[in-house]
Asker: 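Handing you a structure now.
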There are 2 protein chains.
Amino acid sequence: MKLLHHPDRKDIRLPSVLYALSDPVRLHMVAQIYNSGEEQACKCFDVPIAKSTLSQHARALREAGITHTRAQGTQRLLSLRTEDLNARFPGLLDTVMNAYRKDQQEANLRTDPPLEETQQG
Amino acid sequence: MKLLHHPDRKDIRLPSVLYALSDPVRLHMVAQIYNSGEEQACKCFDVPIAKSTLSQHARALREAGITHTRAQGTQRLLSLRTEDLNARFPGLLDTVMNAYRKDQQEANLRTDPPLEETQQG
DNA sequence: TCAATTGTTCGTTTATGACCGAACTATAGA
DNA sequence: TCTATAGTTCGGTCATAAACGAACAATTGA
C-alpha cells in the first residue's frame, strides 16, 4: 500500500489542528481514541457516516498531525500524537478534550430536558 | 443600527469556537485583543484584507461567542468574552493563545532562517 | 448641511470540504 | 484460489465560506 504521510512535529500548525478539531465527526473520533486510551481501528469509530467519508476524516486528522496511523493486517490503527501535540501546543489536547466533554453534556441537556419540563409530576 | 446578536453562554458550542479560531485572520484578531488587554476597533486590526472581509470575520467571531461587539460612535469595539469562554471551556482561550504564540515563533523560524544558514561567518 | 470616518450588507466569484456510492487494493482466512 | 474484511481512491453533488468592490447606513465634526 501507499505510504501514509505524517507531518513532522515542527510542521504541525495551529490553524490546521484547530480546523481538524472543529468538525464534530473528527472531534468524536479524537475523543474516542483519547478516552479509550488505545489505538482505534477506523471500523470501531461510532459515527453514522459512509466508510469512504470516515476514511477521509481519518486522513484529515493524520495530515493535520493529530493522529498517527499504522497498518495492521487490513486495519488502520489510529493513535493520538500526544507527545508531539504537547510539545508543540502544551495542554491543548487535554483542554480541548475537557471542553468536548462539557460540550457534550450541554448538548445532552437539550436532548434530555430536565424533569420539571417533562410532565412527570 | 441593527442589533448585534450575541449567543447566550450556554449556546457557545465547541466545534463553532474551534472553527472560528481555525482561520489565521481571525486567530490574529483574537490574539490582538488578547495581547492588548483592551477592546479593539475593527479599524485597528493589523490584517491585509478588505474592510468588508474584516467585517465578516468580526461577525464570525461574534456569532461563535468568542467576542463581544459594542458600538461607540462609528466604531465597533471588540472584546473577548473571557468569562463566558472560561466558564464554558476552562483554559481553552489561554491554551490556544499560548499555542498561537508558539506557532508564530515556529513560522518566524522559517521566514528568518538561523545564522548558520545565512553565510554570515 | 456636508464631508469624512467606520463599519455593514449585497452580489459575485472561487475554493474547499463533507458526503455518498462504486470501484479498487490489500490482507487474512477458509 | 476464493471470499470476506477493511480501508482507499475516484467522480460527482451540494453547501459553506473567504475574498472583493460597490453601495449603503450611521455617526462625528466642520
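Throughout, protein chains are lettered first and strands after them, A, B, ... in sequence-line order, and every chain is numbered starting at 1.
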Asker: Would you call the rings of His28(A) and Tyr100(A) parallel, tilted or perpendicular if under 30° counts as parallel and over 60° as perpendicular?
Answerer: perpendicular
Asker: Hey, which sits more toward the 5' end of DNA chain D by its nearest nucleotide, Thr74(A) or Arg59(A)?
Answerer: Thr74(A)
Asker: May I ask you to check whether Asp23(A) and Tyr19(B) show a side-chain donor-acceptor distance below 3.5 Å?
Answerer: no
Asker: In whole Å, I'd like the distance from the CZ atom of Arg76(B) to the P atom of dA26(D).
Answerer: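 For the pair Arg76(B) CZ and dA26(D) P, the rounded distance is 10 Å.
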Asker: Within this structure, what is the CG-to-C1' distance between Leu4(A) and dG7(D), rounded to whole angstrom?
Answerer: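 From Leu4(A) CG to dG7(D) C1': 10 Å.
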Asker: Atom CG of Leu77(A) and atom P of dT27(C): how far apart are they, to the nearest Å?
Answerer: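 In whole Å, dT27(C) P and Leu77(A) CG are 14 Å from each other.
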Asker: Between the protein and nucleotides 17-20 of chain D, which nitrogen or oxygen pairs come in under 3.5 angstrom?
Answerer:
{"residue": "dA18(D)", "atom": "OP1", "partner": "Tyr19(B)", "partner atom": "OH", "Å": "3.0"}
{"residue": "dA18(D)", "atom": "OP1", "partner": "Arg26(B)", "partner atom": "NH2", "Å": "3.3"}
{"residue": "dA18(D)", "atom": "OP2", "partner": "Arg26(B)", "partner atom": "NH1", "Å": "2.9"}
{"residue": "dA19(D)", "atom": "OP2", "partner": "His57(B)", "partner atom": "NE2", "Å": "2.4"}
{"residue": "dC20(D)", "atom": "OP2", "partner": "Ala50(B)", "partner atom": "N", "Å": "2.8"}
{"residue": "dC20(D)", "atom": "OP2", "partner": "Thr53(B)", "partner atom": "OG1", "Å": "3.0"}

Asker: How many whole angstroms separate atom NE2 of His5(A) from atom C1' of dT9(D)?
Answerer: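 About 19 Å, once rounded to whole Å.
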Asker: Among all residues two or more places apart in sequence or in another chain, which pass the side chain to side chain contact (heavy atoms under 4.5 Å, CB included) test with Gln75(A)?
Answerer: Ala41(A), Gln72(A), Leu77(A)
Asker: Are Arg59(B) and Glu63(B) close enough for a salt bridge, meaning some N to O gap below 4.0 Å?
Answerer: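 Yes, Arg59(B) and Glu63(B) are salt-bridged.
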Asker: Is the closest side-chain donor-acceptor distance between Arg26(B) and His57(B) under 3.5 Å?
Answerer: yes
Asker: Without decimals, in angstroms, what is the distance between Arg70(B) CZ and dT27(D) P?
Answerer: 14 Å
Asker: To the nearest angstrom, how far is Gln72(A) atom CD from dG29(C) atom C1'?
Answerer: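 One finds 15 Å between C1' of dG29(C) and CD of Gln72(A), rounded.
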Asker: Is the shortest side-chain N/O distance from Ser55(B) to OP1 or OP2 of dT8(C) below 4.0 Å?
Answerer: yes
Asker: dT8(C) P sits how many Å from Leu61(B) CG, rounded?
Answerer: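 Distance check: Leu61(B) CG to dT8(C) P gives 12 Å.
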Asker: How close or far is atom P of dA6(D) from atom CG of Leu54(A), stated in whole angstroms?
Answerer: 12 Å
Asker: When you check the gap from the basic side-chain N to the acidic O, do Arg70(A) and Glu39(A) get nearer than 4.0 Å?
Answerer: yes
